[in-house]
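Worksheet for the structure shown next.
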Amino acid sequence: MDSAQQPKYDPSAIEATAQAAWQASDAYRVTEYAKDKTGKLKPKFYACSMLPYPSGKLHMGHVRNYTINDVMLRHLRMKGFNVLMPMGWDAFGMPAENAAIANHAPPAQWTYQNIADMKAQMQPLGLAFDWSREITTCKPDYYKWNQWLFLKMLERGIAYRKTQVVNWDPVDQTVLANEQVIDGCGWRSGALVEKREIPGYYLAITKYAEELLDSVKNKLTGWPPQVRAMQENWIGKSVGVRFAFHHQISDEQGLIQDGRLFVFTTRADTIMGVTFCAVAPEHPLALHAARSNAAVAKFIEAAKRGGTTEAELAARDKEGVDTGLTVIHPLTRQQIPLWVGNYVLMAYGDGAVMGVPAHDERDFAFAKKYGIAIRQVVAWPTPKIPSNSPLEKGRVDHGNTGHTHAAQLPPLQKGAESRRDDGGFVVYDKCWLPHYGEHGVCIDSGAMNGMNFEQAIEYVATQTKADGGERKTTWRLRDWSISRQRYWGTPIPIINCDGCGAVPVPEKDLPVVLPEHLIPDGSGNPLKKDAAFLNCACPKCGKPAQRETDTMDTFVDSSWYFMRYCSPDSANAMVDARNDYWMPMDQYIGGIEHAVLHLLYARFWTKVMRDMELVKFDEPFTNLFTQGMLSAECFYREDSAGKKRWYYPSEITVRYDDKSRPTGAIANDDGLPVALGGMEKMSKSKNNVVEPKDIIARFGADTARAYVMFAGPPDQSAAWSDSGAEGVYRFLKRLYAYASQAKNASMAKSHADPAPALDFASAGAAVRKLRFEIHSILAQANHDYARLQYNTVVSAGMKMLNALEECKTQVGADWDAVRAESMSILLRMFYPVAPHITWQLWHDAGFAGKHGDIIDAPWPLPDAAALEQDEIEMVIQVNGKLRGHIRVPKDASKTDIEALALADAGVARHTEGKAIKKLIVVPGRLINVVV
RNA sequence: GCGAGUGUGGCGGAAUUGGUAGACGCACUGGAUUUAGGUUCCAGCGCCGCAAGGUGUGUGGGUUCGAGUCCCUCCACUCGCACCA
């Protein structure tokens with residue numbers, strides 16, 4: 001056939017037609033309790049991508065996220081599920097304010113324009129969003145419910161106001177939650193965070209710490225282990241004892257409470273090994289000591305200045321200064337020196353620690369540095385010593401071989417320093433350290449001798465009870481600070497009255513509407529200058545009062561939007577019965593960057609709503625999928641100053657050696673070498689960003705979607721490659737050409753009308769072989785769909801087409817029938833990945849006449865009969881090595897197979913003159929001859 | 001340091017349960033078509049070797065008839081947390 005007459009694959013035309021048809025039929029609107037053709041209730045499936053911030057620009061990461069979501073939706077929908085896939089906008093936040101300052105225009109305007117732009121960029125991708133459920137968090141009908149729930153939280157004491165030292169971002173001019181401080185810098189601005197004392201509203205997430213931890217550890221099995229570990233880590237539970245050291249330090253300023261220094265420890269069993277106490281530089285006792293001790297004052301001053309990043313803080317040497325003061329050991333009543341230590345954190349526990357150098361790595365380093373006594377009080381009767389541990393060597397050095405008890409090593413409390421020169425200290429230094437975390441038995445501990453860990457801490461808790469000692473659980477998690485000194489956010493519904501204080505806005509007055517016309521100028525919150533917003537009457541006393549101008553952290557908006565999708569138009573309630581239908585969400589899809597912040601807040605919010613009986617579930621997201629990021633090759637040239645100039649891929653040509661290994665690249669303009677920068681996350685500064693719109697313009701949306709799926713497993717990072725995308729484009733072109741050939745028209749027709757009962761059983765072997773291949777590939781593809789391995793689903797489509805093309809020239813009714821069946825399988829199987837071209841070909845082939853639109857067609861399932869083979873190819877191994885292949889009838893007996901195998905020439909060569917010890921036959925697979 | 005994850009050709013990556021390692025695609029090489037370039041088609045392609053054959057999934061060991069897959073050891077890389085008492 002003359003190729004010039006072949007219809008040409010024109011993605012832009014096909015995609016426009018398909019999308020217009022979908023829009024005309026409102027194909028993606030879903031309702032609750034949908035039924036199938038037989039009237040049976042469909043199972044529901046709620047699959048949702050994380051809400052995007054309307055930056056105005058759609059990037060490849062979005063494309064990957066939404067395509068995964070879309071493939072899932074289309075697949076499950078054809079499988080008979082009632083699938084919800086909504087989209088919305090995380091529309092409050094700082095970038096809008098920054099843009100407003102730059103453009104002298106209200107942030108609302110910028111935000112709404114960006115939403116329109118991004119929606120327009122999404123549209124060509126053909127994503128099956130139910131746009132009737134679209135949510136924009138900066139609209140009053142949404143944030144009203146932020147305010148409403150906040151008031152409910154106030155009533156229940158979940159929300160509260162307090163003044164405390166907070167993280168202040170000097171660039172964004174606002175407070176940050178602990179979670180939003182990364183390496184001592186603001187998560188968004190990157191500015192060094194300052195400490196400031198500011199009043200604000202907090203949500204008591206710590207009240208839920210235990211449950212949040214318990215379910216992330218034990219229940220959320222549908223979440224990636226990494227995310228679960230990160231949340232566990234973040235919540236940071238420590239179980240121990242809190243007790244007090246007495247002291248007689250008087251405090252003229254009243255800052256020091258009642259002569260007790262409280263400490264928290266997880267190792268109360270080591271209490272008899274205390275040889276010092278240390279407090280944080282900000283601790284009241286440290287400040288008190290500084291007033292009369294210049295050295296302490298100097299140290300505190302230095303500690304304040306020193307801090308840069310947390311990682312550096314952690315690596316910093318343990319340093320401290322003796323206050324000269326003493327405290328009294330609660331059990332021995334001995335005087336214990338009190339130090340100030342730079343490694344003691346004011347924010348954790350009581351900002352003070354008991355120092356047990358023998359059993360704490362940090363205390364050990366501190367004691368060694370300052371010559372403080374080291375007293376061992378715990379021994380390990382059955383130490384876990386790895387076989388390659390230097391301890392073994394230490395024993396040999398000491399002639400101690402044969403000792404199995406670490407306790408038999410010389411006790412360390414006496415003259416540990418003097419042991420420095422002898423091998424024993426080396427043993428201590430290198431080998432006992434790993435035992436810091438392990439529990440043992442108390443020694444040299446008076447009444448506590450012989451107690452195990454549990455007994456010992458119970459004893460300490462009991463003995464110190466009279467002085468306020470108790471078993472206590474300490475959390476790393478802090479309450480969530482939600483006040484932001486920003487304009488573009490949900491107004492906190494509070495009225496500050498001189499007489500009545502902070503008065504909640506009555507529910508009937510909600511929402512407190514944020515004026516959208518203000519233009520921030522960078523000099524603080526414009527709400528403070530807007531009289532119309534600011535001035536109001538106190539709901540309690542009616543006197544003039546002022547509205548709270550702080551707005552809520554935008555993580556509040558994203559903590560429950562996925563529920564509002566279920567009932568976006570509910571005017572009288574935050575959520576309604578439709579939420580009970582869709583939630584909990586079956587599949588949440590998004591980036592790993594939200595592993596702690598958003599996902600923890602949303603879980604907390606859900607539990608609060610549950611306790612208010614607004615929802616019936618404990619956890620919002622049953623399954624979480626974190627997609628990998630997209631990277632791309634980058635290229636650079638370094639100038640003499642070491643500054644890199646990054647080249648666009650279009651500016652360079654890559655050179656290869658004779659084994660097609662890239663050896664380097666040259667710039668197209670000057671022909672001089674350019675360095676290969678490797679695969680890096682797409683970023684503007686490295687000029688390696690791939691724009692979705694460019695890819696769609698070049699290849700169409702189906703190629704963009706299919707390539708993004710094909711590039712690698714969706715949960716791992718994937719590298720963009722232009723030539724890889726071209727490969728997918730080639731495949732779609734071949735598919736289109738194959739399906740469009742006149743030769744195939746007749747076979748398609750045979751399947752379009754009520755198809756004749758095709759008796760493949762009587763068809764020729766070659767026909768049945770093709771059928772076997774197609775159905776085998778389908779079986780594999782179905783498995784891959786189920787485990788969200790969409791990269792191999794794309795491969796499956798390619799394999800099917802390859803198999804079909806191999807039989808292209810065959811003619812006959814059997815061939816027409818098998819090709820028609822194969823094509824209908826291929827189109828449906830590949831439809832979720834490339835919905836436009838398959839939709840078009842489905843119509844062109846006439847399949848729509850039988851099944852209707854492809855989206856309503858049943859999902860293809862492999863025919864068991866097709867997977868049956870008359871003859872099976874088996875592999876023969878000799879001693880596990882591949883030596884030959886044989887074809888055996890499917891019902892061949894084991895003895896027949898063995899005989900056939902041994903008769904094989906390749907096998908005979910390797911078994912000649914050797915005794916056969918064993919024959920292993922794995923039915924349908926292989927025979928292993930052991931000689 | 002702690003926690004999680006990942007190591008397979010020149011590259012992206014396949015390999016349900018232990019059973020033919022390298023599917024599918026890219027790149028590359030040779031050939032056909034084309035005035036040329038591009039497109040398209042055919043063939044080849046882990047490594048060593050002319051071949052027979054050998055060898056091969058980060059390292060070293062183990063279990064097994066048989067290990068990319070299971071167990072132990074070590075190494076490398078990525079991500080997260082990081083003085084949490």
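Small disclaimer: the values here were computed from a predicted structure and weren't measured. Computation of the quantities below employed the complete heavy-atom set of this structure, encompassing side-chain atoms and omitting hydrogens, waters and symmetry-equivalent molecules. The sequence lines fix the lettering, A, B, ..., with proteins before strands; numbering per chain opens at 1.
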How many Å lie between CG on A/L926 and P on B/rG18, as a whole number? 14 Å
For residues A/F366 and A/F276, establish whether the separation of their ring centroids is below 6.0 Å. yes
Backbone N/O of A/A347 and side chain of A/R478: donor-acceptor pair under 3.5 Å: yes
Which whole-number value in Å describes the distance from A/R787 CZ to B/rU16 C1'? 7 Å
Please measure how far the P atom in B/rC24 lies from the corresponding atom in B/rC42, and state the result in whole Å. 13 Å
Separation of atom CG in A/N233 from atom P in B/rG80, rounded to whole Å: 13 Å
Would you say B/rA15 has OP1 or OP2 under 4.0 Å from some side-chain N or O of A/Q789? yes
Test your reading of the model: is there a side-chain donor-acceptor pair from A/Y729 to the backbone of A/Y707, 3.5 Å cut-off? no
Ring centroid separation A/F731 to A/F710 under 6.0 Å: no
If we take the C1' atom in both B/rA27 and B/rA36, what is their distance in whole Å? 24 Å
Taking atom C1' of B/rG12 as reference, at what distance in whole Å does atom CZ of A/R64 sit? 11 Å
Watson-Crick or G-U wobble partner for B/rG18, using a 3.5 Å limit on both distances? none
Which nucleotide, if any, forms a Watson-Crick or G-U wobble pair with B/rG80, using both distances under 3.5 Å? B/rC2
Could you check A/L778 against A/I774 for side-chain contact (heavy atoms from CB on, under 4.5 Å), going step by step and ending with a plain yes or no? CA-CA 6 Å; A/L778 174 62; A/I774 297 291; 5.5 Å; no
Should A/E773 and A/K769 count as an ion pair when the cut-off is N to O under 4.0 Å? yes
Give none if B/rA43 has no partner; otherwise give the nucleotide forming a Watson-Crick or G-U wobble pair with it, both distances under 3.5 Å. B/rU29
Atom CD1 of A/I592 to atom P of B/rU78: distance rounded to whole Å? 17 Å
Does A/R242 pair with A/D350 as a salt bridge, N-O distance under 4.0 Å? yes
d(OH, A/Y707; C1', B/rG25) in whole Å: 9 Å
Sticking with atom C1', work out how far B/rG9 lies from B/rC45, rounded to a whole angstrom. 10 Å
Rounded to the Å, how far apart are A/Q877 CD and B/rA67 P? 9 Å
What I want to check is whether an N or O donor and acceptor connect the side chain of A/N928 with the base of B/rC65 at under 3.5 Å. yes
Pairwise C1' distance for B/rA76 and B/rG66, with rounding to whole Å: 29 Å
Paired nucleotide for B/rA67 [Watson-Crick or G-U wobble; both distances under 3.5 Å]: none
List, with names and distances, any nitrogen or oxygen atoms from the protein found under 3.5 Å away from nitrogen or oxygen atoms belonging to nucleotides 53-55 of chain B.
unit_1: B/rG53; atom_1: OP1; unit_2: A/R909; atom_2: NH1; d: 3.0
unit_1: B/rG53; atom_1: OP1; unit_2: A/R909; atom_2: NH2; d: 3.4
unit_1: B/rG54; atom_1: OP1; unit_2: A/R883; atom_2: NH2; d: 3.4
unit_1: B/rG54; atom_1: OP2; unit_2: A/R883; atom_2: NH1; d: 3.4
unit_1: B/rU55; atom_1: OP2; unit_2: A/K881; atom_2: NZ; d: 3.1

Nearest-Å distance once atom C1' is located in both B/rU6 and B/rG13: 14 Å
Using only heavy-atom distances, decide whether a donor-acceptor pair under 3.5 angstrom links the side-chain of A/R734 to the base of B/rU39. no
Donor-acceptor pair under 3.5 Å: do we get one between A/K799's side chain and the base of B/rC24? no
With C1' as the reference atom in both, quote the distance from B/rA32 to B/rG46 in angstrom, rounded to an integer. 28 Å
B/rG25 and B/rG37, which share atom name P, separated by this distance in whole Å: 25 Å
Does B/rG12 have a Watson-Crick or wobble partner in any strand here, with both distances under 3.5 angstrom, and which is it? B/rC24
In Watson-Crick or G-U wobble terms, with both distances under 3.5 Å, the base opposite B/rA36 is none
Let me know the distance between CG of A/L919 and P of B/rG66, rounded to the nearest Å. 14 Å
Heavy-atom nearest nucleotide on RNA chain B taken for A/V728 and for A/P713; more 5' hit belongs to A/P713
What nucleotide among B/rU16, B/rG19, B/rG5 has an atom nearest to a side-chain atom of A/P225? B/rG5
Hey, does A/D363 reach any base, or is it just sugar-phosphate, or nothing, if we go heavy atoms under 4.0 Å? nothing
